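Okay, so here's the structure we're looking at.
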2 protein chains.
Amino acid sequence: MLVTTMSGTELEKVSSSKAFGGDLVKYRFKSAALGGLDASFNLFLPANASNAKVPVLFYLAGLTCTEDNGAQKGNFLGPAAKEGIAILFTDTSPRGAGIEGEDDDWDFGTGAGFYLDATNPKYARHYNMRTHIQLEIPQILETAGLPIDLTRVSIFGHSMGGHGALCTYLASKSRQYRSASAFAPISNPINAPWGQKAFAGYLQGGIDEAKEQYDATELISRHSDPVHILIDYGTSDGFYKAGQLLPENFHNAARQAGYDEMQVRVREQEGYDHSYFFVSTFAEDHIHFHANFLKA
Amino acid sequence: MLVTTMSGTELEKVSSSKAFGGDLVKYRFKSAALGGLDASFNLFLPANASNAKVPVLFYLAGLTCTEDNGAQKGNFLGPAAKEGIAILFTDTSPRGAGIEGEDDDWDFGTGAGFYLDATNPKYARHYNMRTHIQLEIPQILETAGLPIDLTRVSIFGHSMGGHGALCTYLASKSRQYRSASAFAPISNPINAPWGQKAFAGYLQGGIDEAKEQYDATELISRHSDPVHILIDYGTSDGFYKAGQLLPENFHNAARQAGYDEMQVRVREQEGYDHSYFFVSTFAEDHIHFHANFLKA
């Protein structure tokens with residue numbers, strides 16, 4: 001089924017499955033932000049979306065994932081159905097840009113877009129996940145007439161997607177998002193190998209450019225507006241132990257910037273690892289956290 | 001980590017992830033029932049298993065699946081943790097038997113063991129999933145000293161696994177299982193293409209042999225002991241519409257055998273398909289159903 005949006009973009013309904021009384025629908029469209037490539041997302045609409053517009057929570061997945069991982073393994077749909085909240089699951093990078101070396105590494109290129117807008121000319125035409133998520137998808141939802149209330153939007157994610165959620169939230173000037181949360185986020189990527197590699201590749205200005213928009217610890221340290229942030233990470237997470245996540249750095253920067261436990265809550269979860277078993281355990285908590293603000 | 005069981009079988013702990021306060025552990029062992037091949041299963045142990053033995057619910061997955069699908073996508077772990085019930089996720093066939101043609105089809109051979117004991121000599125050494133699940137794995141749990149109460153066991157499954165759960169339950173003479181449930185089960189396989197193909201391949205006696213032990217509709221029609229069975233299927237399930245599942249046949253046979261709604265409940269779920277989105281929607285219901293009997 002093709003839905004032609006007001007802007008002329010065709011939104012194709014790829015598949016649909018009923019879930020928890022609502023529907024999980026996969027959509028595809030030609031993404032201008034991603035240089036004209038096909039982009040897919042999954043949208044869970046709870047049953048109440050057939051009567052009125054519903055709030056939406058964007059979910060950003062981690063390295064190597066697609067728009068499917070969170071929808072299938074996250075344990076988000078049941079709690080979202082109960083709260084009457086839509087969830088939008090994005091992809092993690094453009095697909096098939098054809099850039100040399102793009103598919104060589106699992107932590108850079110395909111499946112590893114790091115939720116930024118690339119400035120290195122080699123990637124700048126296609127690797128613009130920040131714009132794709134923050135501007136393009138909301139516009140598509142609006143023009144396609146989907147029953148989403150774009151004045152009530154929050155954002156969360158896992159690992160690289162936790163980085164994406166925190167940075168997109170904190171860098172947004174217009175209070176576009178009401179709250180942000182993250183499972184095991186890459187919290188201070190300028191000081192971690194994954195982030196350093198990504199920024200050196202995607203950004204012409206490297207780390208210095210990343211500090212401005214793409215490092216949650218840097219962003220919170222310069223922030224003064226009220227925030228609503230929840231972070232969980234597990235003490236048995238191998239990437240945490242390897243220094244890729246650095247949630248303490250974010251936590252400390254938030255406290256130094258004057259944010260208390262009510263505004264920035266960072267929880268250490270004993271014995272949990274980096275997998276979706278960890279994510280699914282705390283999924284309901286995160287949905288309830290966002291519901292506080294989305295339904296306020 | 002290797003645990004040598006009393007029978008001399010070595011049970012290898014492959015991986016472990018904390019989930020919902022408990023642990024999901026993958027084990028591997030050399031399976032006598034499967035002709036000496038390595039067999040894997042996932043065992044979810046709720047937190048209370050550290051204090052006392054817990055009841056266990058066996059989950060049998062569908063065609064093409066492994067022991068991982070239900071654990072990752074089924075939405076079973078949260079409800080099981082709340083109820084204090086272990087879940088054991090089995091594989092769907094032997095792996096790597098090296099039989100000619102075994103990997104040619106998605107609905108026969110590897111990933112499609114149909115939860116039977118093969119009598120066709122070509123498959124009889126390796127394709128013995130019935131014995132593997134009903135006898136071998138419980139023995140392994142017992143001898144390895146895992147905190148499972150084998151007097152409190154129930155069984156459920158999806159699609160081919162629903163077939164496996166219903167037939168293993170109904171064919172068990174010793175009241176080994178307290179209850180059985182199924183999501184979109186292949187309910188009358190002797191009258192469906194998948195079942196006919198499987199029985200023609202695995203069983204020397206073909207359909208006639210299958211009638212004795214491997215067709216839930218045949219089994220319930222000859223059954224007289226009390227039963228506790230719950231079945232859900234979706235009206236938008238393509239395999240249901242194609243006549244592969246035939247839940248009405250099972251339902252009718254149960255009613256003709258004198259079982260009422262309290263003993264055999266078959267629920268048609270409007271608009272749901274065959275996917276794990278359907279399974280996960282009704283997962284909590286099924287866990288609660290089994291908890292009634294496992295915790296009685």
Side-chain angles (χ1 to χ4, degrees), chain A residues 14-26 42-47 50 65 68-82 87 89 183-184 232-240 268-288, chain B residues 14-26 42-47 50 65 68-82 87 89 183-184 232-240 268-288:
Chain A
V14 178
S15 64
S16 178
S17 287
K18 192 169 176 181
F20 295 92
D23 291 290
L24 183 78
V25 184
K26 181 173 292 222
N42 283 308
L43 177 64
F44 174 69
L45 284 175
S50 57
C65 289
D68 290 335
N69 301 67
Q72 293 176 348
K73 302 181 181 177
N75 187 32
F76 301 128
L77 307 190
K82 277 184 199 156
I87 306 192
F89 300 90
F183 306 92
D232 280 307
Y233 68 95
T235 59
S236 295
D237 181 328
F239 298 118
Y240 166 65
E268 180 187 84
Q269 302 290 359
E270 182 63 31
Y272 285 90
D273 64 21
H274 201 70
S275 70
Y276 269 93
F277 297 115
F278 157 65
V279 173
S280 62
T281 298
F282 298 100
E284 194 166 4
D285 265 18
H286 283 240
I287 300 287
H288 289 163
Chain B
V14 179
S15 63
S16 177
S17 287
K18 191 167 177 182
F20 295 92
D23 291 291
L24 183 78
V25 185
K26 181 173 293 222
N42 283 307
L43 177 63
F44 174 70
L45 285 175
S50 58
C65 289
D68 291 334
N69 301 67
Q72 293 177 347
K73 301 181 182 177
N75 188 31
F76 301 127
L77 307 190
K82 278 184 201 157
I87 307 192
F89 301 89
F183 305 92
D232 281 306
Y233 68 94
T235 59
S236 296
D237 181 328
F239 298 119
Y240 166 65
E268 180 187 83
Q269 302 290 359
E270 181 64 33
Y272 285 89
D273 63 22
H274 200 71
S275 70
Y276 269 93
F277 297 116
F278 157 65
V279 173
S280 63
T281 298
F282 299 100
E284 194 167 6
D285 265 18
H286 283 241
I287 300 288
H288 289 162

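Note that the coordinates shown come from a computational prediction; the quantities given were computed from them, not determined experimentally. In what follows, every chain begins at residue 1, and chains take the letters A, B, ... in the order their sequences are listed.
Contact annotation for S16(B): only backbone heavy atoms (N, CA, C, O) come within less than 4.5 Å of a heavy atom of chain A. Only the side chain of S275(B) comes within contact range of chain A, with at least one heavy atom under 4.5 Å from a heavy atom of that chain. For F20(B), the parts sitting under 4.5 Å from any heavy atom of chain A are the backbone and the side chain alike.
The distance from the OG1 atom of T281(B) to the CG atom of L77(A) is 7.5 Å, given to the nearest 0.5 Å. In this structure, CD in Q72(B) is found 9.5 Å from CG in N69(A), a value given to the nearest 0.5 Å.
The main-chain N or O of S17(B) is never found under 3.5 Å from a side-chain atom of Y272(A) such that the two would form a donor-acceptor pair. Y276(B) places no side-chain N or O within 3.5 Å of a backbone atom of K73(A) that could act as its donor or acceptor partner.
With sequence neighbours left out, K18(A) forms a salt bridge (charged side-chain N to carboxylate O under 4.0 Å, His left out) with no residue at all.
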